[in-house]
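Okay, so here's the structure we're looking at.
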Amino acid sequence: MKPGTTRAACVALLRRDLTLIWRRRGDALNPLLFSIIVVALFPFALGPEQATLARIAAGTIFVALLLASLLSLDMLFRSDLEDGSLEQLVLSPHPLSLLLACKIAIHWLTTTLPLIVIAPLLAQMLYLPDTVLPVLLIALALATPLLSLIGSVCVALTVGMRRSGMLLTLLVLPLIVPALIFGAGACNAAQAGLPFTAPLLWLGAWLVLALVLAPLAAAAALKISLT
Amino acid sequence: MKPGTTRAACVALLRRDLTLIWRRRGDALNPLLFSIIVVALFPFALGPEQATLARIAAGTIFVALLLASLLSLDMLFRSDLEDGSLEQLVLSPHPLSLLLACKIAIHWLTTTLPLIVIAPLLAQMLYLPDTVLPVLLIALALATPLLSLIGSVCVALTVGMRRSGMLLTLLVLPLIVPALIFGAGACNAAQAGLPFTAPLLWLGAWLVLALVLAPLAAAAALKISLT
Amino acid sequence: MEPNHDIAPLLQARALTYTRNAEPIFGPLDVSLHAGEVVLIEGDNGSGKTTLLKVLCGLLEPSSGDVLLHGAPLTLARLSHQVALLGHLLGLKMELSTLQNLHFAVGMGGIRPGITPRLALASVGLEGYEDQPLRTLSAGQKKRVALARLLLVPAALWLLDEPYANLDRTGIELVNRVLDHHARRGGAALITSHGAYAYTSGAPRRIALKTAA
Amino acid sequence: MEPNHDIAPLLQARALTYTRNAEPIFGPLDVSLHAGEVVLIEGDNGSGKTTLLKVLCGLLEPSSGDVLLHGAPLTLARLSHQVALLGHLLGLKMELSTLQNLHFAVGMGGIRPGITPRLALASVGLEGYEDQPLRTLSAGQKKRVALARLLLVPAALWLLDEPYANLDRTGIELVNRVLDHHARRGGAALITSHGAYAYTSGAPRRIALKTAA
Amino acid sequence: MNPLLLWFHKLGSPPYFYRLAGRFLPWLYAIALITGAIGLYGGLVVAPADYQQHDSFRIIYVHVPCAWMSLFVYAFMAANGFVALVWRIKLSEVLAMASAPIGAAFTFITLVTGSVWGKPTWGTWWTWDARLTSELVLLFLYFGVIGLYSAIEDTRQAARAAAFLALVGVVNLPIVHYSVNWWNTLHQAQTVSLMGQSKMDASMLWPLLTLAFATHVYFFASLLTRSRVALLGLESGKEWVRALVNARTGGRQ
Ligand code: HEM
Ligand SMILES: Nc1ncnc2c1ncn2[C@@H]1O[C@H](COP(=O)(O)OP(=O)(O)OP(=O)(O)O)[C@@H](O)[C@H]1O
Ligand SMILES: Nc1ncnc2c1ncn2[C@@H]1O[C@H](COP(=O)(O)OP(=O)(O)OP(=O)(O)O)[C@@H](O)[C@H]1O
Ligand SMILES: [Mg+2]
Ligand SMILES: [Mg+2]
């Protein structure tokens, strides 16, 4: 692979970011613990009745995972901005959208995927019926990449600002409410014994759309907020 | 008031921090919007049944406000660290615990108090019965300063680190679980028509203890993490 | 190599101005830079040197006037391997070793013939620091790693913002040597300095920026 | 004022060493600084100048040896109005105006007789910038505001980390003037520099730090 | 100086500690292994099956010793943290930080074995009962200490910050221990007591106590191993470590 080609650039970027995440693997665990703790707070807040907890389990897990992955989105470009790497990335001769797609993929794989992996544990904590669990997992697998993709556009827009964490939440949440309604809705329907495939198909369709458009939009947004 | 005395120092610090918050009043609104959005997500996640929402209203509001004020705690010393003001504060000849107490007070007044003010709105959104609202407000008024005080100690410990937001959550949450159990417990008891004063009194007692000890502990922690 | 003034200059700015919030930062400015030239932009604190460099590489948009690269208008999309910027922020990762940082730069930007990351490190005086994480280097040593990156990546035009800052005396000489080498090889460079120390080899062309009144 | 060597020195370091994660940063060092003295700490990049200053003001704990202030051991709690540190980070608020920043410093640290924040600003060449938010000043102008703070707050011992960095030629002269004035008034200062430019009035005592092998 | 104080002073010196620990280690491991084997044999083979729970009660022989250790290790860590903060003894920092992961592991095992045991006896893996909850909080506290320690660059500063956090978290210990008395819950009340009369048959009790002894010894063995490694890292610039390395490599460089 010739250095300097676009493929070489993507590989170099992937390798660098994975190395960095490995170096700071403690940080990578934080969203996990955050979501565990948020879910664990609900039994304290609502009391330990099994029926109540089971009723809200799917929705609460959805909200907790979305919050955790949302808050971690904030770091997507943060450190690159702080040390000037982002400037170098923008000045590089390769298509920015492709480079950003690499970064988004890594972010999802390293922070959100682990969240989905521990979802069964969270489901146990809130007594989610075992039959609903597969639906919950599929819904999360569709909704969280959607969040990462849409979120990356918003992060790119807010990247030059200090303390953008909360503002980011504000921008992203309205955009992902549909994902939440459909995802948690599918789980609730399954829990009530109703059909649940339609909302999941909708989520899938959006995900495909976002996969194509979000990196382009993020690149445009990044150029706007840097220049 | 002679410049350079401890009283003058506290006044100067209060005035400076209030001016800064006024300059960045957009940032100060963020926790507010964050908690509104989190609460607003629940009807989407759980479906619009009034009975379910009313059952979980007090607990959810409690969790949302604690999370919002927790996430904003992260900024308590952040900007002072970044521009070197914190170093100057530690090197100043005045008792550090007193200066930190000023900062904590300002933080609570400017970010958490507004949260309590909008709590009735959030209660409406989740159909909390009107009779429970006063209990909720009192519980919040006791639990949130407790969170700010305990949180400040943890923030002081993590202040030197990049991206400490999530780690902070991890450190603080176990310590505030009691406040949550007692605060939300009082609301749930009130909602169920049971006596609710005992948990509120416990909260009050802890608050008094924290008011005395937390600034001292925060000062000690800050010295550890800066030196 | 003597600058050749017949062909289109590597970089040309015509009647360039930049205004931030209705406040002029630098006035109408004409610069042209040919292959083989090093030009020094001098100016007091706050005279707009950093801003000028950012405009010249397309990171900021000029308020009026235009920038030509090889005679064609400059856009971010058209930079392709021609311009290297070294700003106040070095664009290096503190958690990676010096060598890992350079390998990444090569992957992104390609490599000049006849040089390797190790050689580049050695030629900026960092032999033996190959596996040291950047975080443990001092300010001046980090700057040297950024200089090594310039040596590796093939870009004809260098825009260097205060390359001398944070360097000790041998570091300053190193920068001058590197610049000379680049010019002799047919490259061009625009460097800024507030004049307390400066590019000393030969008598470089200087452009003075004045603080807008 | 000539340094008086009979009384206990303002600052004294005895056999001071600092080790970070088992790696020695600077070796056993003996420094003593009397009232009226300015001492220059010279050293290459990474030789430990910044670290030394932080140890001397108690922000870092020495690995061995001790620091005496007026003959008594130094602790953070005992600094009380005696030491002023100016580091790489200036400790100024970007959102506040220059004057607001200085007022805050005075509230925290007190004020010398016969000077006001406005006068101090004028004497560092920032007249007319009183109400400008710091964020809109250039790097060098910000440094000047930090120098104005030094002029205002009564501290006998100044620890200045690279006070010349980021300043243009008039700025460098300004620092020298301010240091002279401080020494003549009976103060003392310890300044670092990597030697590309330096304190030039008189022939200041120098301490050379070497990079640990 | 008082000879005891003198000995402590000497023990605090890293090279002395390193050598002493090295001498004790094999013995400690051997004792832990042998008593552990005896205890397990007693618990799993010799002890009679419970009249209510049949054989599922045997999980007690893992659950209870680990639960005790989770509390003991935290107390040990906090005590060392206190010494480290007040007297700045490097060895205490090392000991405190080396015990955190071991304690977290014991806590984790307690939670897992408790859940496994809860399924047959209470019909659920997990309930939000006071003891279970406070034990979960204990796990988070351990995680917090480990997280803080690994998040700060400078090891000594990190150790002090984490030690401080450990001290703050000590409030949780009495809550875990007394929760069964303060709130009436599903979890077993105190059944074993060293001073008074235990509410447990002797044939079931002796393997439990043997295993408790074994886990303590194992903890110290593991702690010493970890501390020795950590000390080598911390003191890698010092003369005694270099001498040690030279001796190991036979003077080769
Ligand atoms: C996840 C679930 C569980 C957790 C987190 C847990 C936690 C603990 C802890 C922390 C202790 C030590 C208390 C102390 O020494 O102060 C303990 C002791 C004990 N546990 Fe559990 N436990 C769990 C489930 C169970 C179950 C299901 C049983 C049996 C029905 C059980 C039986 C016991 C017994 C007999 C003791 C010894 C009591 C004593 O003498 O102090 N535990 N457990
Ligand atoms: N973000 C900003 N907002 C408003 N004004 C700014 C901003 N950044 C710079 N300026 C102003 O623009 C002018 C030029 O700044 P610039 O950083 O280009 O100066 P410089 O020549 O690089 O100075 P220095 O030698 O201190 O680096 C300065 O007067 C400064 O006050
Ligand atoms: N946080 C850190 N972690 C590990 N090593 C560090 C850290 N900070 C500094 N060092 C190392 O300590 C040594 C001294 O650093 P210091 O910043 O004191 O140097 P300096 O003399 O101020 O250099 P400069 O002229 O570049 O400012 C350097 O070799 C550096 O690599
Ligand atoms: Mg500049
Ligand atoms: Mg330095």
Side-chain angles (χ1 to χ4, degrees), chain A residues 24 26-34 36-38 40-47 49 52-53 55-64 66-68 71-72 74-75 78-79 82 161-170 172-174 176-178 180-185 187-189 192, chain B residues 24 26-27 29-34 36-38 40-47 49 52-53 55-64 66-68 71-72 74-75 78-79 82 161-170 172-174 176-185 187-189 192:
Chain A
R24 301 189 198 131
D27 276 3
L29 277 184
N30 279 334
L32 221 64
L33 290 166
F34 177 83
I36 296 180
I37 292 182
V38 170
L41 282 184
F42 271 84
F44 298 132
L46 304 181
E49 281 165 48
T52 317
L53 292 178
R55 169 68 188 83
I56 62 153
T60 306
I61 292 174
F62 234 93
V63 172
L66 288 189
L67 282 181
L71 291 172
S72 74
D74 191 33
M75 324 179 193
R78 177 56 50 98
S79 76
E82 278 170 0
M161 298 182 228
R162 294 160 62 96
R163 264 174 296 283
S164 53
M166 294 263 187
L167 179 62
L168 183 66
T169 315
L170 205 61
V172 178
L173 278 180
I176 57 146
V177 163
L180 178 67
I181 295 179
F182 283 71
C187 301
N188 291 337
Chain B
R24 299 189 199 133
D27 276 3
L29 279 183
N30 280 335
L32 222 64
L33 291 166
F34 177 83
I36 294 180
I37 292 181
V38 170
L41 283 182
F42 270 84
F44 295 126
L46 303 182
E49 281 165 48
T52 317
L53 292 179
R55 169 70 189 81
I56 63 153
T60 306
I61 293 174
F62 233 93
V63 172
L66 287 188
L67 282 181
L71 291 172
S72 73
D74 191 31
M75 322 178 195
R78 178 56 49 102
S79 74
E82 279 171 358
M161 302 183 297
R162 297 159 62 97
R163 265 176 293 286
S164 55
M166 294 264 186
L167 181 62
L168 183 65
T169 316
L170 181 64
V172 178
L173 279 179
I176 56 144
V177 162
L180 179 66
I181 294 180
F182 282 69
C187 302
N188 293 335

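When reading the values below, keep in mind they use all heavy atoms of this one structure, side chains included, and skip hydrogens, waters and symmetry mates.
- In terms of heavy-atom pairs under 4.5 angstrom with chain A, the leader among B:Ile181, B:Leu46, B:Val177, B:Thr60 is B:Leu46.
- Most heavy-atom pairs under 4.5 Å with chain A, from the set B:Val63, B:Leu66, B:Ile176, B:Ile37: that is B:Ile37.
- The ring pair (Phe, Tyr, Trp, His ring centres under 6.0 Å) check on A:Phe62 picks up nothing, with sequence neighbours excluded.
- Annotation: maximal heavy-atom pairing with chain A below 4.5 Å, among B:Val38, B:Ile61, B:Leu41, occurs at B:Leu41.
- Between B:Phe34 and A:Leu67 there is a side-chain heavy-atom pair separated by less than 4.5 Å.
- The heavy-atom pair separating A:Ala184 from B:Ala45 by the smallest distance is CB-O, 3.5 Å.
- Partners of B:Phe42 under the ring pair (Phe, Tyr, Trp, His ring centres under 6.0 Å) rule, at least two apart in sequence or in another chain, are A:Phe42.
- Separating the CG atom in B:Leu53 from the CD1 atom in A:Ile56 is a distance of 10.5 Å, to the nearest 0.5 Å.
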